Amino acid sequence: MSSVEIKKVENKKDLKKFIEFHYDLYMDCPYDVPNLYSDEVNTLSKDKNAAFDFCEAEYYLAYKEGKLVGRVAAIVNYKANEKWQRNDVRFGWIDMIDDIEVTKALLDAVADYGRRKKMDNIVGPLGFTDMDPEGMLYQGFDRLGTMATSYNYPYYFEHMNKLEGWEKDNDYVEYYLPVPDKMPEKYAKIAQVVEDRYNIHVKKLTRNEILKEGYGEKIFDVINKTFKDLYGYSQLTQRQIDQYVKMYFPMADLDLVTLIVDGNKDNEIVGVGITIPSIARALQKCRRGRLFPFGWWHILRAIKFHKTEAVDLLLIGILPEYRSKGANALLFSDLIPRYQKYGFKWGETHVEMETNLHVQSQWGPLKPENHKRRRCFIKPL
């Protein structure tokens with residue numbers, strides 16, 4: 001009989017324990033980048049996260065000898081299940097001490113939830129949607145995390161490989177990209193050719209265009225079309241899009257956001273590059289994920305004054321019919337000089353499916369280093 005006790009999160013006090021367990025577990029870790037407490041509350045609260053329009057979830061806390069030793073979220077994304085013709089319950093936000101009995105108890109709690117919902121498989125780590133962290137780190141433990149991903153200790157992956165029935169479902173890769181001193185000749189040449197030949201161009205945005213002229217919605221429409229065939233992706237709803245526009249764009253440095261438009265189609269958006277100054281170090285200085293009393297200053301220094309050495313390539317998307325035309329070269333030819341101007345030394349890609357060789361090939365001229373790998377696991381119920 002297991003000595004681990006599982007308790008369901010029932011109220012705000014429990015949710016606070018759920019969120020803060022991560023801060024306690026990673027307090028002395030130099031590589032973990034903690035999320036802001038307020039962002040975690042917004043994501044995990046049914047009345048705040050638009051993903052609950054098509055998702056259900058429960059959260060669990062694990063106790064051993066009266067001490068909190070782990071947490072996990074159980075999520076069913078009905079929209080993704082319908083699209084991919086699967087019946088999966090997802091596990092996410094998994095953290096635990098180095099005790100495989102705790103890991104098993106947490107995953108068993110998610111499996112039990114999945115059975116009650118008549119699911120066939122348990123998969124993860126995954127969030128509600130692709131906008132949440134995905135995959136369990138198994139390469140790159142000595143590399144700083146990013147705002148958009150999650151860090152985990154090596155023993156997480158060791159536990160998963162020791163537990164029975166778990167198999168690989170999908171792997172992700174991430175790349176470290178040194179910012180070049182000069183624009184790579186390949187990007188410059190291709191950018192000029194595709195602009196002249198296909199009449200597609202770079203467009204920079206104003207805050208007014210995003211918030212009042214509908215460009216925020218248009219951007220996420222392109223993201224939906226670009227990512228629609230990727231592993232586990234579910235189309236963002238209008239309410240989610242509205243939420244993300246209000247959440248991210250008011251503070252975004254628009255100099256680092258680039259659109260590609262087709263001049264033959266009334267400047268319709270065909271590509272998006274959303275990049276941000278890395279706030280990883282700034283988030284580490286936000287005590288227990290709080291902006292106050294001093295966390296806000298570190299965030300502001302990174303975002304507004306570019307007091308950071310890295311830039312995160314958060315969302316890069318080109319419509320399929322424009323990828324073969326070299327439209328991505330236009331993005332890089334616009335963004336790289338801006339990175340140079342701000343003194344960024346390297347960029348870091350978001351997670352990419354290991355099988356997405358087309359996306360990975362575009363980094364070639366930047367001398368990419370595959371410095372992190374993550375895995376999503378699957379187990380039949």
Side-chain angles (χ1 to χ4, degrees), residues 139-140 143 146 148 171-205 219 222-223 225-227 229-230 253-265 267-278 306 308-373:
Q139 177 184 312
R143 298 298 184 99
T146 67
D171 270 18
Y172 300 98
V173 293
E174 296 167 63
Y175 287 90
Y176 173 95
L177 309 171
V179 174
D181 295 330
K182 296 181 180 180
M183 172 65 66
E185 187 176 354
K186 182 176 181 179
Y187 288 153
K189 285 185 175 179
I190 294 176
Q192 189 61 56
V193 168
V194 298
E195 192 166 18
D196 294 341
R197 181 177 298 172
Y198 300 113
N199 194 27
I200 54 179
H201 312 282
V202 163
K203 175 177 173 58
K204 305 302 284 187
L205 287 171
I219 286 171
V222 172
I223 296 298
K225 292 176 181 176
T226 302
F227 294 167
D229 295 323
L230 297 184
D253 182 345
L254 297 184
D255 204 30
L256 302 179
V257 176
T258 299
L259 304 184
I260 305 301
V261 297
D262 188 337
N264 297 316
K265 296 183 178 180
N267 287 330
E268 176 184 325
I269 302 174
V270 299
V272 176
I274 301 176
T275 68
I276 61 172
S278 171
H306 312 108
T308 178
E309 294 184 334
V311 60
D312 289 343
L313 281 62
L314 200 59
L315 289 171
I316 304 290
I318 304 290
L319 292 181
E321 59 268 34
Y322 289 86
R323 294 170 192 164
S324 60
K325 295 178 179 179
N328 59 333
L330 280 171
L331 283 177
F332 304 138
S333 66
D334 177 73
L335 289 170
I336 288 174
R338 301 175 194 276
Y339 300 160
Q340 294 167 337
K341 178 181 71 174
Y342 290 144
F344 297 139
K345 294 182 179 179
W346 74 88
E348 184 156 1
T349 70
H350 196 14
V351 294
E352 303 167 2
M353 290 178 61
E354 66 172 351
T355 55
N356 199 341
L357 301 180
H358 178 84
V359 169
Q360 294 161 38
S361 67
Q362 69 182 334
W363 311 126
L366 297 175
K367 300 179 181 178
E369 175 194 351
N370 176 202
H371 67 319
K372 296 176 187 172
R373 298 183 74 94

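Note that the structure is predicted; figures quoted are calculated from it, not measured.
Here CG of L256 is found 11.5 Å from CD1 of I274. Values are rounded to the nearest 0.5 Å. Separating the CD1 atom in I276 from the NE2 atom in H306 is a distance of 11.0 Å, to the nearest 0.5 Å. To the nearest 0.5 Å, atom CE of residue M353 and atom OH of residue Y172 are 7.0 Å apart. With values rounded to the nearest 0.5 angstrom, L259 atom CG is found 4.5 Å from I269 atom CD1.
Here the rule is side-chain contact (heavy atoms from CB on, under 4.5 Å) with T146, and of L313, D312, V351 only D312 fits it.
No donor-acceptor pair under 3.5 Å is formed between the side chain of E352 and the backbone N or O of L357. Within the 3.5 Å criterion, the main-chain N or O of R323 finds no donor-acceptor partner in the side chain of N328. Checked by atom type and distance alone, the side chain of T308 pairs as donor or acceptor with a backbone atom of S278 at under 3.5 Å. Of the possible polar contacts, one joining the N370 side chain to the E174 backbone as a donor-acceptor pair under 3.5 Å is found. Counting only distance, with no hydrogens or angles, the side chain of D255 and the backbone of V257 share no donor-acceptor pair below 3.5 Å.
Residues that satisfy the ring-ring contact (aromatic ring centres under 6.0 Å, His included) test with H350, not counting sequence neighbours, are absent from this structure. Residues passing the salt bridge (Lys or Arg N to Asp or Glu O under 4.0 Å) test with R143 are E369, sequence neighbours excluded.
Looking at Y342 and V311, their side chains never come closer than 4.5 Å, going by heavy atoms from C-beta outward. Between T349 and V173 the shortest side-chain heavy-atom distance does not fall below 4.5 Å. Side chains of Y322 and V194 form no contact here, defined as non-hydrogen atoms less than 4.5 Å apart. Between L319 and T226 there is a side-chain heavy-atom pair separated by less than 4.5 Å. Between D262 and N267, every side-chain heavy-atom pair lies at or beyond the 4.5 Å cut-off. Within the 4.5 Å cutoff, side-chain heavy atoms of I318 are placed close to those of L331. When side chains are defined from C-beta on, I219 counts as touching L205, because their heavy atoms get closer than 4.5 Å. Considering only heavy atoms from C-beta on, K325 stays 4.5 Å or farther from R197 through its side chain.
Heavy atoms only, all atoms of each residue included: R373 and D171 are closest at NH2-OD2, 4.3 Å. Smallest separation of non-hydrogen atoms from L314 and A148: CD1-CB, 3.7 Å. Here the shortest heavy-atom pairing between Y175 and Q360 reads OH-OE1, 3.2 Å. In terms of heavy atoms, P368 sits closest to L177 at CB-CD2, 3.5 Å. Nearest heavy-atom pair, K372 versus G140, reported as atom, atom and distance to 0.1 Å: CG-CA, 4.3 Å.
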Residues 178-191, side-chain donor-acceptor partners within the protein, below 3.5 Å, at least two apart:
from: E185; atom 1: OE2; to: K189; atom 2: NZ; distance (Å): 2.8
from: Y187; atom 1: OH; to: Q362; atom 2: O; distance (Å): 2.6

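No donor-acceptor contact under 3.5 angstrom links the side chains of H358 and N356, judged on distance only.
Residues Y176 and W363 place their aromatic rings such that the two centres sit no closer than 6.0 Å.
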Full working for side-chain hydrogen bond (donor to acceptor under 3.5 Å, both in side chains) between D334 and T258: CA-CA 7 Å; D334 177 73; T258 299; 2.6 Å; yes
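Around NZ of K204, the count of heavy atoms belonging to other residues, nucleotides or ligands within 6.0 Å exceeds 12.
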